[in-house]
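Here the structure is a predicted model, which means the values were calculated and not measured.
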Amino acid sequence: MEIKRINSIDIVRGIVMILMALDHTRDLIHVSSLTQQPTDLSTTTPLLFLTRWITHLCAPTFVFLSGVSAYISFKRKNNITQTRRHLLSRGVFLILLDLTLINFGVWFDIHFNVILIDVLSAIGFGFIALSLLLKCSLKAIGIVGLTIIFLHNLIPIIPFAESSLFKQILTPFFAVDVFQLSGGTTVLIAYPPIPWIGITLAGFAAGFFFILPDKQRKNIFLKIGISSIALFLTLRFINLYGDLLPWQVQKSALYTFFSFINVTKYPPSLQFCLLMLGIMFLVLYAVDTAKNKFTEITIVYGKVPLFYFIVHWYIIHPIMFFIVFLQGYKTSDLLFGFNFGRPKGPSGLSLWGIYSIWIAVVIILYPLCKWYGHYKENHKEIKWLRYL
């Protein structure tokens, strides 16, 4: 089936990749990133809160659009066996890549004292799940995905004893978990598979909307975006279900608003999904069929998401070390593991510095992504490039 490349996917993916670099720059280099949660309303500032909050768009958009892309690829191939093999191999590849090259980029620790199960693993598990469900109808896959999104918040309130075997088995699949391996390595499951698999399956089922005629597609994007945010507002106002962190009246109207939109990402709550995916659909509506300088730039990043994801860690982390050394620390002062290699004493930059470095990183990545995009396009005979 001949399906043209859908620019809105690359544009939106490019936008959230740019935002992602801001979040990871803040993670590694901000002066208080090791000691303060940016969404803690008792200690944060408005700019710090919003700097973190806006980047919540990244992971659900990545995961959802990975499902959409899998559907479009499936329709192009029109071959279940071939698509299943590709999804399975790509899923395993992403998990292995996350546990190796990405984890080293995050921690720069040759001993791998911390292993982070991150968004790439979430997408990998989603592809594996899709490979197993590929013979099911699109409607059935969509129902499974939406059921997970809407009902997985029930798991934490089921009264299992903390020491029960059932609870211990379920937790790593549904909730953030930390455990120790022999040898002292800490495994942090920041992206438990099941909730993110739900988003991947929903994205796959929604892929059908992306191949509709332009006007019809835009109309659906707008309706889904508005409906999702309206449902979020209803559930959030009621404050009974859909997020384990209820909003509360704060010291000012602004901070009360922050409390209202401060939804849970780890794992992604129902309210988080409704808000972030609702915003994503509105952005898709806004940029669909758009052609201007902004879309030309973001498409460059959006066409090579995995390449960008890998390389940006290996730009930001060396910059962090350069700053630490400029601040007077030596190699012997560096602490790895959860410190990213930051020293025990004060280090890092304030938010103005974070924004400056973020912009520089995005600019540096532009020619690299443009080169790789052209290389990939002109060397389709190199099959392993499909994985990057």
Side-chain angles (χ1 to χ4, degrees), residues 13 17 20 58-107 112 114-136 141 144-145 148 169-177 179 181 185-205 207 267-268 303-314 372 376 379-388:
R13 198 156 45 194
M17 286 163 64
M20 178 190 67
C58 301
T61 299
F62 276 138
V63 175
F64 188 90
L65 291 182
S66 71
V68 171
S69 297
Y71 173 81
I72 294 171
S73 176
F74 173 52
K75 294 302 290 184
R76 284 176 178 150
K77 290 183 175 69
N78 197 27
N79 185 312
I80 288 181
T81 302
Q82 186 180 356
T83 302
R84 173 175 285 171
R85 187 184 305 117
H86 179 68
L87 285 172
L88 183 59
S89 61
R90 184 167 173 80
V92 172
F93 169 76
L94 288 176
I95 294 170
L96 292 176
L97 187 68
D98 192 27
L99 296 177
T100 53
L101 196 60
I102 300 303
N103 260 267
F104 185 76
V106 173
W107 308 113
F112 283 82
V114 178
I115 294 178
L116 177 67
I117 308 299
D118 207 346
V119 66
L120 276 195
S121 289
I123 295 173
F125 285 120
F127 282 164
I128 292 171
L130 272 174
S131 73
L132 299 175
L133 295 173
L134 210 54
K135 285 189 176 181
C136 298
I141 292 174
V144 172
I148 292 172
I169 293 174
L170 278 181
T171 297
F173 290 97
F174 284 91
V176 174
D177 198 13
F179 58 90
L181 297 179
T185 298
T186 300
V187 178
L188 170 59
I189 304 177
Y191 284 72
I194 300 299
W196 294 101
I197 285 174
I199 297 175
T200 305
L201 299 182
F204 184 86
K303 283 185 175 180
V304 291
L306 185 53
F307 175 82
Y308 179 107
F309 189 78
I310 295 170
V311 173
H312 92 289
W313 285 113
Y314 288 86
Y372 182 72
K376 185 178 178 182
H379 293 82
K380 292 182 178 179
E381 75 281 1
I382 305 177
K383 293 185 178 181
W384 64 264
L385 290 178
R386 293 183 302 168
Y387 290 90
L388 289 174

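Rounding to the nearest 0.5 angstrom, the gap separating the CZ atom in Arg90 from the CD1 atom in Ile95 is 12.0 Å. Remark: Thr83 OG1 to Arg76 CZ distance equals 11.5 Å, nearest 0.5 Å. For the atom pair Leu65 CG and Tyr71 OH, the distance stands at 15.5 Å (nearest 0.5 Å). The distance from atom CZ of Phe174 to atom CD1 of Ile194, rounded to the nearest 0.5 Å, is 5.0 Å. To the nearest 0.5 Å, atom CD1 of residue Ile199 and atom OG1 of residue Thr61 are 9.5 Å apart. From Trp107, atom CH2 reaches atom CD1 of Ile115 across 11.0 Å, with rounding to the nearest 0.5 Å.
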Inset, instruction - Report the C-alpha separation of Leu101 and Tyr314 in whole Å, then their side-chain angles, then the decisive distance to 0.1 Å, and conclude whether the side chain to side chain contact (heavy atoms under 4.5 Å, CB included) test is met. - result: CA-CA 10 Å; Leu101 196 60; Tyr314 288 86; 3.4 Å; yes
Inset, instruction - Check step by step if side chain to side chain contact (heavy atoms under 4.5 Å, CB included) holds for Leu94 and Leu306. - result: CA-CA 9 Å; Leu94 288 176; Leu306 185 53; 3.8 Å; yes
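The nearest pair of heavy atoms linking Ala190 to Val176 is O-CG2, 3.9 Å. In this structure, Gly203 and Val68 approach most closely via the heavy-atom pair O-CG2, 3.2 Å. The two residues Pro267 and Pro192 make their nearest non-hydrogen contact at CB-CG, 3.7 Å.
Looking at heavy atoms from C-beta onward, Lys303 lies out of side-chain contact with Tyr372 at the 4.5 angstrom threshold. With contacts defined as side-chain heavy-atom distances shorter than 4.5 Å, the pair Gln82/His86 does not qualify. Side-chain contact between Met20 and Phe62 is present, with at least one heavy-atom pair separated by less than 4.5 Å.
For the side chain to side chain donor-acceptor pair (under 3.5 Å) condition, the pairs that include at least one residue of residues 185-201, sequence neighbours left out, are Gln180-Thr186, Tyr191-Lys265.
Judged as a side-chain contact (heavy atoms from CB on, under 4.5 Å), and not counting sequence neighbours, the contacts of Phe112 are Asn103, Phe104. With sequence neighbours excluded, no residue forms a side-chain contact (heavy atoms from CB on, under 4.5 Å) with Thr100. Ile80 meets the side-chain contact (heavy atoms from CB on, under 4.5 Å) test with Phe74, Leu134, Lys135; sequence neighbours excluded. Evaluation of the side-chain contact (heavy atoms from CB on, under 4.5 Å) rule for Val144 yields Ile148, Leu201 as partners, not counting sequence neighbours.
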Show me the donor-acceptor pairs, under 3.5 Å and distance only, between side chains in residues 117-132 and residues at least two apart or in other chains.
residue	atom	partner	partner atom	Å
Ser121	OG	Asp98	OD2	2.6
Ser131	OG	Ile128	O	2.6

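When atom types are taken as modelled, the side chain of Ser73 and the backbone of Ala70 share no donor-acceptor pair closer than 3.5 angstrom.
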